[in-house]
Amino acid sequence: MSGTTTEEPDDGAHGLPALIAARRAKAQTLRQTDRSAFPYAFARPTPVAEVLGAYEHLQVGEETDERQRVAGRLAARRGHGKSAFLDLVDRTGKIQLHARSDVLGGEAFERLTSLDVGDLIGVDGSAMRSRGGEISLRVEDFQVLAKALRPPPDFHHGLADVQTRYRRRELDLIANEPTRKLFIDRAKIISAVRSYLDAQDFIEVETPVLQPLYGGALARPFTTHHNELDRELYLRIATELYLKRLIVGGLEKVYELGKDFRNEGVSTKHSPEFTMVEFYEAYADYNDAAQRTEEIIRAAAQAVQYSGEIDFQGSWRRVRFVDAITEATGIDLMAHRDASALGREISARELGLATDGLTWPQMADDLLAKFVEPTLIQPTFVFDYPLELSPFAREHRSQAGLAERWEAFAGGIEIANAFSELNDPDVQRARFEEQQSLAAQGDEETQPYDEIFIEALEQGMPPTGGVGIGLDRLVMLLCGRDSIREVVLFPAMRD
RNA sequence: GGGCCGUUAGCUCAAUUGGCAGAGCAGGGGCCUCUUAAGCCCAAGGUUGUUGGUUCGAUUCCAACACGGCCCA
């Protein structure tokens, strides 16, 4: 063998650098031998799924002279000397290509079979069904559309490393068909939500992401700085207060769909930036809001043909907050209406829940989160929250100390939150003052006093029902994922 | 913040009580005109996450750290 192998100059490169060098050398050859090796466009390819659908009728071994044009990424190659099978993948599916030296000519055949898995190509070929029974295209002409200089992840095993899948989502999308489907389904869900609201005459609006004051939820904000104005600004934690000002303004039915930001811990259910839709309807209350929420989520489930264990099509269960806690723990919240009484009751029942230093509403919230929420698999509205947990909700029309607020749960997680919106400016002012007092006691998740919002309410806001739906969590449920990072394209990661 | 688990070739995964780190795919050189995880032959490919420690010898045992996953708070 000595002196007979000259095929590859050994520059000492191994591993990934060698793989890249080999591909770059091929790219260089393409540039030198084919002036159109890196074209600017490839006119109107047909989606693979459409081609496959059009030739279901072909018999095994049947060939046609109907030319089809497809474009996509080379996913596999099975060479047979003077012929070869290749798999081409686009957004809609995978189609097999059959290349024959006698059809293409030796030079083109050689050029095609020397491509690498991962390269992007465009193909014109005639439809056929192979002897193996697979609908295929016999390649008659092809064009390299872009050379891949880095090797793709293994197309058969997919990309398994979770960290790489999140940090390099493009590789996840290339290698894992379920990931492609997930994000296409996510788009269908978002689109279904918009379509519902548009069809019901809600107006889509855009309110500030950078806000002088944050509000509308109990959460810590991100802060940033505007150089020209030389002032601190907050990234919004909710769109609530601006949307209600638009209700004051007479837009009557408005919605905003977009990102909110909360400077809190990350978990499988929490992301520092997340997608929320909030919609507000004048002259409606939280009962109307519940009905709309059922309808929206029903439409979203239908959009992705959801067929899991959760029944989104029927009418959702409704349970009162205090009843849900009594059912789960035996505790009668209303009979223990202060922190020390409830703390004693929780301790007496040995629920394993810490109570030291917690306020009554915090304990009530903890009881729901720990003993009720995980059991709510089928869609459920939990109605009538303690007033203290709901600074923007009206007090219940017949039950003192409770708010006209519900949260919706499914699959054991919270997916939506709604109120009969508080529209009495003097009561709202008092609620802000309570929040300020809590902040003074060290609570970091309180509402800053928003005088402009109060003045807006003083102009008169009609009775209004408002809802916020966490769309990432909705996607999780409808697409069967158990982590929010799975349904966000580029989740936040440590450096 | 705490506990448990993980990190080995471009990708997917092995490695016995601590004893020369292996395979499939991809990539390179050949053969092959219906395969589909194509097949066959040949050659090549590794700072075993990082830094220390124990040891004659560490992917393996210990510690710290980094990143990630799961559970708990």
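Chain naming here is simple, since letters A, B, ... match the order of the sequence lines and numbering starts at 1 in each. Every value quoted in this text rests on a predicted model; they were computed, and no experiment measured them.
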Suppose you measure atom [atom1] in [N] against the same atom in [M]; what distance do you get, rounded to whole Å?
| N | M | atom1 | answer |
| --- | --- | --- | --- |
| A21(B) | A9(B) | C1' | 11 Å |
| A15(B) | U60(B) | P | 14 Å |
| G24(B) | U17(B) | C1' | 29 Å |
| G45(B) | U50(B) | C1' | 24 Å |
| C72(B) | A64(B) | C1' | 24 Å |

So, under a plain 3.5 Å distance rule, would you say the side chain of Gln96(A) forms a donor-acceptor pair with the base of U35(B)?
yes

Side-chain donor/acceptor contact of Ser101(A) with base of U33(B) under 3.5 Å:
no

Over 60° means perpendicular and under 30° means parallel, so tell me whether His98(A) and Phe85(A) are parallel, tilted or perpendicular.
parallel

Which part of the nucleic acid, if any, lies within contact of [X], taking any heavy atom under 4.0 Å across all strands shown: a base, the sugar-phosphate backbone alone, or nothing?
| X | value |
| --- | --- |
| Phe155(A) | nothing |
| Lys26(A) | sugar-phosphate |
| Arg165(A) | nothing |
| Glu63(A) | base |
| Gly132(A) | base |
| Leu19(A) | base |

Nearest-nucleotide pick for Val162(A), side chain only, options being U36(B), G27(B), G69(B):
G69(B)

In terms of side-chain heavy atoms of Ser483(A), which of C70(B), G68(B), U12(B) is nearest?
C70(B)

Atom CG of Leu115(A) to atom C1' of A26(B): distance rounded to whole Å?
15 Å

Does atom CZ of Arg78(A) have more than 12 heavy-atom neighbours, drawn from other residues, nucleotides or ligands, at distances under 6.0 Å?
yes

Within the side chain of Trp406(A), is there an N or O that forms a donor-acceptor pair under 3.5 Å with the backbone of Thr380(A)?
no

Base of G45(B) and ring of His14(A) stacked, centres under 5.5 Å, planes under 30°
no

Strictly below 4.0 Å, N to O, side chains only: are Arg405(A) and Glu407(A) in salt-bridge contact?
yes

